[in-house]
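Taking it in order: structure first as structure tokens, then the write-up.
Bear in mind the structure is a predicted one, so any value in this text is a computation, not a measurement.
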Amino acid sequence: MSEPVSSVNRMVAASRNSDRRRWRRMGGKNYNLTAILALVIICLIWTVAAHIVDKPFIFPYFEDVLREIGYSLTDIYVLKNLGITMRRVLTGSLVAFIIGYPLGMLMGFFPKLLQSLSPFINSLRQVPIMAWVPLAIVWFGIGDGPTIFLIAFSGVFTIILNTIAGVQDISKDFYNAARSMGASTLGVMKDVVLPASMPGVLTGVRLAIGLGWMSVI
């Protein structure tokens with residue numbers, strides 16, 4: 001098998017083996033109940049363990065953490081900086097979506113385009129996000145620019161891969177039905193591909209926002 005085809009297979013495998021809906025599958029029908037129960041158990045273990053250790057500087061008490069959280073939610077300085085961080089994350093995620101969504105849609109729908117671009121995308125997404133920090137500062141200066149770039153860069157590949165997976169998961173029967181009724185390529189894209197791939201796209205956006213929070217600096 002040629003290298004471009006192998007790269008395509010690796011991209012598809014990376015998308016399909018991601019953590020989409022794994023937590024929900026683990027919880028089954030009682031996902032919400034088990035999640036709350038797990039959270040309560042963790043809080044109880046934290047409270048007991050902190051009092052046993054009795055070294056708040058190393059292992060803070062759970063009640064102290066709750067009190068500080070409550071104080072932070074009423075502190076104007078904290079809220080202002082939280083708003084700045086959220087603006088950066090949402091802006092970077094929006095940029096990643098604007099770039100990644102149409103690119104992933106086209107790559108998923110046109111196999112030749114997927115084979116052509118997959119080596120470049122695979123190469124770029126292997127570079128650690130922190131390796132781009134010096135270049136981001138040189139390109140965008142000091143301020144929001146480097147942060148938004150890093151957030152967008154960390155999320156764009158997730159959106160691309162999940163969009164590709166969402167498009168390729170569409171049953172061929174939908175394409176055949178649309179074609180049999182005289183739909184053009186644009187009509188198939190608009191009436192079949194766009195709505196049917198939405199679960200994969202939304203998963204990519206969700207993961208991209210999560211990566212954005214991890215990348216904000």
Do [X] and [Y] come within less than 4.5 Å of each other through their side chains, counting heavy atoms only?
{"X": "F97", "Y": "V201", "result": "yes"}
{"X": "T85", "Y": "W213", "result": "yes"}
{"X": "V53", "Y": "I58", "result": "no"}
{"X": "F109", "Y": "I170", "result": "no"}
{"X": "I137", "Y": "I142", "result": "yes"}
{"X": "R125", "Y": "V156", "result": "no"}
{"X": "I121", "Y": "M107", "result": "yes"}
{"X": "L103", "Y": "L117", "result": "yes"}

Exam field: side chain T91 to backbone R88, donor-acceptor pair closer than 3.5 Å: no
Side-chain donor or acceptor of N122 paired with backbone N/O of S118 under 3.5 Å: yes
Considering all heavy atoms of both residues, which atom of [X] and which atom of [Y] are nearest to each other, and what is their separation?
{"X": "I159", "Y": "G100", "answer": "CG2-C, 3.9 Å"}
{"X": "T47", "Y": "E63", "answer": "CG2-OE1, 4.3 Å"}
{"X": "W46", "Y": "P60", "answer": "NE1-O, 3.1 Å"}
{"X": "P146", "Y": "A136", "answer": "CG-O, 3.8 Å"}

Tracing side-chain links under 4.5 Å among I, L, V, M, F, W and Y, which residues wind up in one group with I98? L94
Looking at M86, I want to see if its CE is surrounded by more than 12 non-hydrogen atoms of other residues, nucleotides or ligands under 6.0 Å. no
